[in-house]
Protein chains: 2
Amino acid sequence: MKKDKNPGREKILLAAQKEFAARGFAGARMEAIARSAGCNKAMLFYYFSSKEGLYQTILKEVMGEFFTKIRAILTPDLAPAALMEKFPELYIQLFAGHPEFVRIVAFDLIHDPDNLCGIMAGIISQMTEFGPHPLFERIRSWHEQGLISEPDPLHFMMNIVALSIFSFIGKPMVEAISGTRVASDEEFYRRRVASVVNVLKRGMLK
Amino acid sequence: MKKDKNPGREKILLAAQKEFAARGFAGARMEAIARSAGCNKAMLFYYFSSKEGLYQTILKEVMGEFFTKIRAILTPDLAPAALMEKFPELYIQLFAGHPEFVRIVAFDLIHDPDNLCGIMAGIISQMTEFGPHPLFERIRSWHEQGLISEPDPLHFMMNIVALSIFSFIGKPMVEAISGTRVASDEEFYRRRVASVVNVLKRGMLK
DNA sequence: TGTTATATTAACCATATGGTTAAACCAAAT
DNA sequence: ATTTGGTTTAACCATATGGTTAATATAACA
């Protein structure tokens, strides 16, 4: 698509991303987005026709960028250990750079799982390089070859995604429980990746 | 507190729990809660004075029940392996029985981390049986004794909580990615617990 | 029965909010 | 200079929604 063109439109998308991330769909205010984007509220409707339209646009964009990067990892010769290293690394790094992503995705996932899942299914259906469910089939074969301990690809992936994504949702929670605050975010995420990769490899690699 | 007394009040809390879980704070409608509870909207304000009041009441109640059960696990003689087994088991079982809990907690955690964390800190501060930060100190000592591989208690706990809680938030997501649906929820959660416990023990136990 | 404290409701109210519209602005093309 | 097409705005609109109130029902109790 035309990227840097329409700077107004881009600014709106940026502002909307922040607003939706902070307040969720229902809590987001069109006027707040407009103000934050430095334009009139009507512009939002001019470009995106409705709140829902704006929201879905962002969701697709976010998910698109996300899946594009994920796909880059999934090379045909991918080994289990590499997946367990690269996935959390990419995931945590990507989300650390775009904190809004996690929150938007999480908000939507909680509120209306089917919506996001539909979008994801759509994106995935275009990634047909390796057949219908390439990743899951490959994971299954890893187990058949005795490379990994978890027999079910669903749980295998859930373990990887859970450890990666929770770094963001759960950070404040665990901080509150422990009564501590992490000193620097960078340091925290570096150690987070190390811990996750370590647990995954020791935990699921045979 | 007076438990079964005030059946009207209880019905409102029940209905509100569902509504907040489904739509989050901003998306929840007072009238929808009233209708669902079979009473007039004014009753909500009569008992809870405001939407915020109703919400906070539920949050405290949910978190209270939650932490009470968590605390029951944390016996003074708790061993690392037992924690890794009992925590996911309890967590997943508790949340499977009360799907609203996860969603409410997650919604709130995403939208306003400080709020929930404040409540949690308050509850925790009453659990002073073992000193100020009993759990985290004990985890640290486990590592010093060479029992576990993860040196940082924060990451140790995050790994446990992440794997447990994500079972609910992420289930639909991973289902969508895989293109499959779990047959029975009970079977799914049983296998989920097994997988989580396995990864944790293999991954972090020395 | 009359009194009282608690529950419960219908009817309102003020405001916030998503969405619309008609007019104006502006840059490029003619 | 005029047209033209996209862009931008101020002023509105209809409705939804959190919250209030005053009146009424209900049950306990004296």
Side-chain angles (χ1 to χ4, degrees), chain A residues 1-61 100 103-104 107-108 110-112 115, chain B residues 1-61 100 103-104 107-108 110-112 115:
Chain A
M1 322 273 177
K2 37 214 151 154
K3 270 284 164 196
D4 286 298
K5 246 328 200 74
N6 270 23
R9 209 186 107 110
E10 292 302 314
K11 282 187 83 172
I12 291 172
L13 281 173
L14 242 289
Q17 235 175 66
K18 281 184 200 154
E19 177 78 0
F20 284 128
R23 310 193 199 291
F25 178 79
R29 298 298 153 216
M30 294 300 263
E31 199 171 334
I33 295 171
R35 207 180 324 125
S36 161
C39 70
N40 190 287
K41 191 178 56 158
M43 288 304 294
L44 312 193
F45 294 90
Y46 175 68
Y47 279 122
F48 305 98
S49 81
S50 73
K51 189 183 185 183
E52 184 71 35
L54 175 56
Y55 182 67
Q56 294 294 338
T57 302
I58 285 174
L59 222 52
K60 279 189 195 114
E61 198 177 85
E100 319 84 40
R103 306 176 92 186
I104 291 176
F107 256 128
D108 199 68
I110 298 165
H111 168 249
D112 179 13
N115 178 42
Chain B
M1 323 273 176
K2 38 216 150 152
K3 272 285 164 198
D4 286 298
K5 247 328 201 66
N6 270 22
R9 208 186 108 110
E10 292 302 314
K11 282 186 83 172
I12 291 172
L13 281 172
L14 242 290
Q17 234 174 68
K18 281 184 200 153
E19 177 78 359
F20 284 128
R23 308 190 201 294
F25 178 77
R29 299 297 152 217
M30 293 300 266
E31 199 171 334
I33 295 171
R35 208 180 322 127
S36 161
C39 69
N40 188 286
K41 190 177 57 154
M43 287 305 292
L44 312 194
F45 294 90
Y46 176 68
Y47 280 122
F48 305 98
S49 80
S50 72
K51 188 182 184 182
E52 184 71 34
L54 175 55
Y55 183 67
Q56 294 295 338
T57 302
I58 285 175
L59 222 50
K60 281 191 194 110
E61 198 176 83
E100 320 85 37
R103 305 176 92 186
I104 291 176
F107 254 128
D108 199 68
I110 298 166
H111 167 250
D112 179 13
N115 178 41

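These values consider heavy atoms only, across backbone and side chains, with no hydrogens, waters or symmetry-generated copies. Quick caveat: nothing in here was measured; it's all calculated off a predicted structure. Chain A is the first sequence line, chain B the second, and so forth, proteins listed ahead of strands; every chain is numbered from 1.
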Any non-hydrogen side-chain atom of A/Lys51 less than 4.5 Å from a side-chain atom of A/Phe45? no
Would you give the length of the straight line joining atom SG of B/Cys39 to atom OH of B/Tyr47, rounded to the nearest 0.5 angstrom? 8.5 Å
Is there side-chain contact between B/Tyr55 and B/Asp108, with at least one heavy-atom pair below 4.5 Å? yes
Residue pair B/Gly27 / A/Ala26: nearest heavy atoms and the distance that separates them: CA-CB, 3.4 Å
d(A/Ile12 CD1, A/Glu10 CD) to nearest 0.5 Å is 9.5 Å
Quick one: how far along DNA chain C does chain A reach, first to last nucleotide 5' to 3', anything under 4.0 Å to a heavy atom? C/dT17 to C/dT21
Which ones in residues 29-38 of chain B lie close to DNA chain C, meaning a heavy atom under 4.0 Å from one of its atoms? none
Return the minimal non-hydrogen interatomic distance between A/Met30 and A/Leu44, and the atom names on each side. O-CD1, 3.2 Å
Correct closest heavy-atom pair for B/Arg23 and B/Ala28 would be CB-N, 3.7 Å
Heavy-atom side-chain proximity of B/Arg9 to B/Phe48 below 4.5 angstrom: yes
Write out all pairs satisfying side-chain hydrogen bond (donor to acceptor under 3.5 Å, both in side chains) with one or both partners inside residues 29-43 of chain B, taking only residues at least two apart or from two chains. none
Within residues 40-59 of chain A, find the residues that approach DNA chain C with a heavy atom at under 4.0 Å, and present them sorted by residue number. A/Lys41, A/Ala42, A/Phe45, A/Ser50, A/Lys51
Of all the heavy-atom pairs spanning B/Glu100 and B/Gln17, show the shortest one and how long it is. OE1-OE1, 3.5 Å
Close approaches to DNA chain C from residues 17-28 of chain B, in residue order (heavy atom, under 4.0 Å): none
Ring centroid separation A/Phe107 to B/Phe107 under 6.0 Å: yes
With sequence neighbours left out, what residues match A/Ala16 under side chain to side chain contact (heavy atoms under 4.5 Å, CB included)? A/Phe20, A/Ile33, A/Leu54, A/Ile58
